[in-house]
Number of protein chains: 2
Amino acid sequence: MEAKLNNHIHYPAALVNVNGVISNSTDAKISVFDRGFLYGDSIYEVFYSENGSFIFLDEHIERLYHSAYLLDLQFSWTKEQIVAQILRTASESKIKDAYMRLVVTRGVGALTLDPGQSVGNNYVYIIDNKPVYPSNLYDQGVHLFISKVLKTDKRSVNPEAKSGNYLNNVMAMHEAKKQGADDALLVNSRNEITEGTTFNLWMSKENKVLTPAITSGLLQGITRQKVIEICQKENINFEETIIKPSQLLEADEVFITSSTRGIMPVGRINDTIYTKHKESGSATKKIASLYKKLLTKEQSKGKYKYE
Amino acid sequence: MEAKLNNHIHYPAALVNVNGVISNSTDAKISVFDRGFLYGDSIYEVFYSENGSFIFLDEHIERLYHSAYLLDLQFSWTKEQIVAQILRTASESKIKDAYMRLVVTRGVGALTLDPGQSVGNNYVYIIDNKPVYPSNLYDQGVHLFISKVLKTDKRSVNPEAKSGNYLNNVMAMHEAKKQGADDALLVNSRNEITEGTTFNLWMSKENKVLTPAITSGLLQGITRQKVIEICQKENINFEETIIKPSQLLEADEVFITSSTRGIMPVGRINDTIYTKHKESGSATKKIASLYKKLLTKEQSKGKYKYE
């Protein structure tokens, strides 16, 4: 039986904080004039905590600011205020291993696309238990499908901004599910692999590890960046480059990275089956082990601890 | 002094209907778990009434269903239920010349992109007075800027679906405003004119009227379709075709069409000034006059009248 992906927070979630007011999920609402609701004019981050301590939060906040920069979205709150509400919400939830989704919109305003007419922001924090992926996804691996939906060109809506415009990925995911896969990979108009719907992609071939270059049009994942640093530090032969689907289908191993998944092997892409990641000493196992050590180190720092 | 665009409904608007519950604007809210809010996973229509009668409502409802089809979004309400709430909201508002925005989302659900995990829909109707554009916009014309933001490719997110993913247009509008223009035009990756942020584009050159073909990647506007029918009926020399920016800058006349604007002349694109639309017998004046007659006829039908 094939492993089924369970990569989501069920609705209702535990708690929601809207602009500093914490409530349960069913009471958590936003104005219908919010530009996030009307136009997807928002940015977001997903991060998590382990044992009451947020992991790589500095990096996620930095990327939130990068998304804001790319969309010229101004914050009415300071970085300290944004972070304080993360910790306050987590503390109130009593969840020690938490998933958090932070959405910042361009606020409400007149019914016009012009962002100059918007007023302030809306800040939404959703917290729940960190999702637990079925263990066989880490053994057998996830089943991906290369979507016919092309990744949005960076000259149209830059995928480097983690925004509220996710129909591109929604439709790719929808297609993948109809094909019986767990999730989708997207190529750009030059038929270069970019990323998955909510994760970065990696492959290894003849002792070399490859991941699509940012220039192919993709989000700079936090876990992706951590794996790059691991490769550099550990002298693992590694390259950010253009990857075509044909190369991927001839890879020795394929794995994906995301904040909630960590390092997850890929067991199948379309009709190609991958099994080498199961062997001891595989690139996937090696990198997963090094990443786990990094996580332990990060957690021990306890910079974003809450009671 | 240049004419300034006033093409929007101010916040707060008059009334909002959320899933059949009518309230004032400030009370009108939606769950933060709504997929429209989280992913822009929604569709919408903007239409209006004159003298207590909705104009071209059949066409707008048909396009709403086309958008739903393109995104594989299912309705929990029937067409009759959707329309009944339009009339009920308009009636309760007492506004006879009304602007209405109808948003239908894929509802709430687990925090996953997979639309298969969503439950039902959310239906939001926003009503207010129909916006009145400054009369000099119909005399002098609107000032447009050809954006460096490329129109999203139809293979990524199809612009033929009027969806909640509008960052592409938001960013183009933002750029146009910074350039001192009223609004933006977008080209695709082949440098073909597609459409404006919320309107279709037309040009006339040597007694021939041209508009970008749907294959360039754009929304099939209701007013656009009406003007096509006018051209066919009145034997106006007309073509849907590829239009490059260079052709546009050499046009005799340029005008835009949208439901709320009707036919509006363009007075300037980047640094090119257009004045021929002001001459009596101009293509713009002729088509605007024929369109006005069509509106009168439509209104007299009174199919979607409310008290």
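What you see is a predicted model; the values in this text were computed from it and never measured. First the proteins, then the strands, lettered A, B, ... as listed; each starts at 1.
Residue Val119(A) does not touch chain B at all, counting heavy-atom pairs closer than 4.5 Å. If you measure heavy-atom distances from Leu186(A) to chain B, you find no contacts under 4.5 Å at all. Using a 4.5 Å cut-off between heavy atoms, Leu73(B) does not touch chain A at all. Looking at Val149(B), both its backbone and its side chain come within 4.5 Å of chain A, counting heavy atoms on both sides. Only the side chain of Val18(B) has a heavy atom closer than 4.5 Å to any heavy atom of chain A. With a 4.5 Å cut-off on non-hydrogen atoms, Val170(A) touches chain B through its backbone and its side chain both. In this structure, chain B has a heavy atom under 4.5 Å from the side chain of Asp34(A), while its backbone stays farther away.
Contacts between residues 20-27 of chain B and chain A, defined by a heavy-atom separation under 4.5 Å, are made by Ser25(B).
A distance of 11.0 Å separates CG of Asp41(A) from CG of Asn165(B), quoted to the nearest 0.5 Å.
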Q | Step-by-step side-chain contact (heavy atoms from CB on, under 4.5 Å) determination, Leu38(B) to Arg101(A) | A | CA-CA 10 Å; Leu38(B) 292 173; Arg101(A) 187 186 189 95; 3.8 Å; yes
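Most heavy-atom pairs under 4.5 Å with chain A: of the set Lys151(B), Arg106(B), Lys178(B), this distinction falls to Lys151(B). The candidate with the highest count of non-hydrogen atom pairs below 4.5 Å against chain A, out of Leu150(B), Asp153(B), Thr197(B), is Leu150(B). Comparing Val46(A), Asp72(A), Asn122(A), Thr105(A) by how many heavy-atom pairs each has under 4.5 Å with chain B, the most go to Asp72(A). When each of Val124(A), Val16(A), Asn188(A) is scored by its heavy-atom pairs under 4.5 Å with chain B, the top score falls to Val124(A). Between chain B and the residues Asn158(A), Leu167(A), Leu71(A), the most heavy-atom pairs under 4.5 angstrom are made by Leu167(A).
Sorted by first then second residue, the ring pair (Phe, Tyr, Trp, His ring centres under 6.0 Å) pairs that include residues 149-196 of chain A, not counting sequence neighbours, are Tyr44(A)-Tyr166(A). Sorted pairs that involve residues 182-201 of chain B and meet ring pair (Phe, Tyr, Trp, His ring centres under 6.0 Å), not counting sequence neighbours, are lacking altogether.
Residue Met173(B) comes nearest to Thr112(A) through the heavy atom pair CE-OG1, 4.0 Å, listed as atom of the first residue, atom of the second, then distance.
Under the ring-ring contact (aromatic ring centres under 6.0 Å, His included) criterion, Tyr125(B) pairs with no residue at all, not counting sequence neighbours.
Contact annotation: the side chain of Asn169(B) never approaches that of Tyr39(A) to less than 4.5 Å [non-hydrogen atoms, C-beta and beyond]. Side chains of Val103(B) and Val32(A) form no contact here, defined as non-hydrogen atoms less than 4.5 Å apart.
Side chain of Asn168(A) to main chain of Ser156(B): a donor-acceptor pair is present (N/O by atom type, distance under 3.5 Å, no hydrogens or angles).
More than 12 heavy atoms of other residues, nucleotides or ligands shown are found within 6.0 angstrom of NZ on Lys162(B).
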